[in-house]
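First up is the structure itself, then whatever we jot down about it.
Numbering of ligands and ligand atoms starts at 1, following listing order. All residue numbers in this chain count up from 1 along the given sequence.
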Amino acid sequence: MYKKSAQLFTEAKKYMPGGVNSPVRAFKSVNMEPLFIKRALGSKIYDADGSEYIDYVASWGPLILGHAHPEVVKAVTEAAKNGTSYGASTEIEIELAKLITEIYPSIDKVRMVNSGTEAAMSAVRIARGFTGRDKIIKFDGCYHGHSDSFLIKAGSGALTLGIPGNPGVTKGTASDTLIAGYNTLESVQEIIEANPGQIAAIIVEPVAGNAGVIPPAEDFLEGLRKLAADNGIILIFDEVITGFRVALGGAQELYGVKPDMTCLGKIIGGGLPVGAYGGRADIMDMVAPDGPVYQAGTLAGNPLAMAAGLAAVNILKEENPYPQLDKMASLLADGIRECSVKHGIPIQQNRVGSMMCRFFTDKPVTGLDSAMTSDTELFAEYFKAMLSEGIYMAPSQFEAGFVSTAHTAEDIEKTIEAHDNALKKIG
Ligand SMILES: *Cc1c(COP(=O)(O)O)cnc(C)c1O
């Protein structure tokens, strides 16, 4: 079934570490070899062996409109005809920046970069420059890309592969990152009290999406807002996943909490490599060339990426697919929950809008500790069974699944059926 993929993987391993360009793609934690993908359209993805799958990975979040959306493809191909990069300013950068600032009232000014990693890394640098302080608070299980400061108790692949420490990160850098418990305001308070006047920023995923999906507890985000304001700390929402996903205006719109800075990525690139960070004008005025904090990029604001992002965001703004996305995702979540009860397999189904995760545990998952009670071996069995049923999920217990506007009621029905069969197999 995975013959061609297996051949390609053997070849890939000769030339690339682990045969992949990003660790979780290697399917290690589900004891499998990775699928190689040939093409994708709408809600479907096709591997090198020609098998079709209903896709819930969505390229790890960006593809809220499904694969190869005709308007996005058109925007990219039209743009490419005029050249793929100039390293100079373009009108389309203004359009996307203007749109972002209109949709995110907390963002007065925004800078485009090439990835979510760059967005988070740069936001923290600006916050340090603005406050003149060194330390930052991040939360266990949250992922903000792979820059040094964030690879401490990080989520995503680092969590999946059980890479606990930070080889390659200097002790000095690591000591400036202080770890608080997600959804635990007291731990934040304690850190602030123990480090008076030293915390530049609190960076948080307003819905944790890299340790599975963990919604913010009531008052958690508001509590962070207050603690930050009271202590002269910059509050950074890393909305690389949640931006344009849980609502057009992201988690800050959904929960009504205004951060000082925001990181964006994934969806704003329409499937091309993009990130962005922005925030209050007085903070963003620190960024070079207006201010002294340096941050740059050869391909930043790339015209193809801007065209794809602008097309995607315009569709989201005009069509407001969020109620429909929520309906589809809730259909799926309900079906999965009912099935799990029927088979007597304890599953916690966490969901915020169209981002969701099923944890194989009987404990409600509200933070990293409860997420870690999941039976990852059982998840691996489940993953394998789902794949053979034609469902492509993230190959890790600790990643989110995404419903797109391309998913139909029939896709959802098929997925619930597959889930039923998979539980039969593993139960
Ligand atoms: C994916 C992700 C990043 C990193 O984005 P890349 O484009 O992979 O560098 C940062 N923060 C969050 C919350 C993410 O989910």
In this structure, which one of M393, R337, Q348 forms a side chain to side chain contact (heavy atoms under 4.5 Å, CB included) with R358?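 Answer after filtering M393, R337, Q348: M393.
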Centroid separation under 6.0 Å, is that true for the rings of F220 and F139?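 Yes, ring centres under 6.0 Å apart.
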Answer with yes or no after comparing the ring centroid distance for F27 and F383 against a 6.0 Å cut-off, counting only values under it.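 Yes - the distance between ring centres of F27 and F383 falls below the 6.0 Å cut-off.
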Could you tell me whether a side-chain N or O of T408 sits under 3.5 Å from a main-chain N or O of D411, the two making a donor and an acceptor?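 Yes; at least one donor-acceptor contact below 3.5 Å.
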Test item: D140 side-chain N/O and Y182 main-chain N/O as donor-acceptor pair under 3.5 Å: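 Yes.
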Evaluate [X] for polar contact with ligand 1, using N/O atom pairs at a separation under 3.5 Å.
X	answer
E205	no
H144	no
I241	no

Min over T117, V204, V207, I203 of heavy-atom distance to atom 8 (O) of ligand 1 lands on T117
Would you mind writing out the side-chain donor-acceptor pairs for residues 271-287 within the sub-3.5 Å range, not counting sequence neighbours?
{"residue": "Y277", "atom": "OH", "partner": "Q295", "partner atom": "OE1", "Å": "2.9"}
{"residue": "R280", "atom": "NE", "partner": "D282", "partner atom": "OD1", "Å": "3.0"}
{"residue": "R280", "atom": "NH1", "partner": "D260", "partner atom": "OD1", "Å": "3.1"}
{"residue": "R280", "atom": "NH2", "partner": "D282", "partner atom": "OD2", "Å": "2.8"}
{"residue": "D285", "atom": "OD1", "partner": "K109", "partner atom": "NZ", "Å": "3.3"}

Residue [X] vicinity, atoms of ligand 1 by number, heavy atom under 4.0 Å:
X	value
G116	4 (C), 5 (O), 6 (P), 7 (O), 9 (O)
D238	10 (C), 11 (N), 12 (C), 13 (C)
G145	3 (C), 4 (C), 10 (C)
S115	7 (O), 9 (O)
N210	12 (C), 13 (C), 14 (C), 15 (O)

If you look only at distance, which donor and acceptor atoms sit under 3.5 Å apart when one is on a side chain in residues 60-73 and the other is two or more places apart or in another chain?
{"residue": "H67", "atom": "NE2", "partner": "D55", "partner atom": "OD2", "Å": "2.6"}
{"residue": "H69", "atom": "ND1", "partner": "E71", "partner atom": "N", "Å": "3.1"}

contact_flag K266 ligand 1 heavy-atom lt 4.0 Å: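 The answer is yes, since K266 has a heavy atom less than 4.0 Å from ligand 1.
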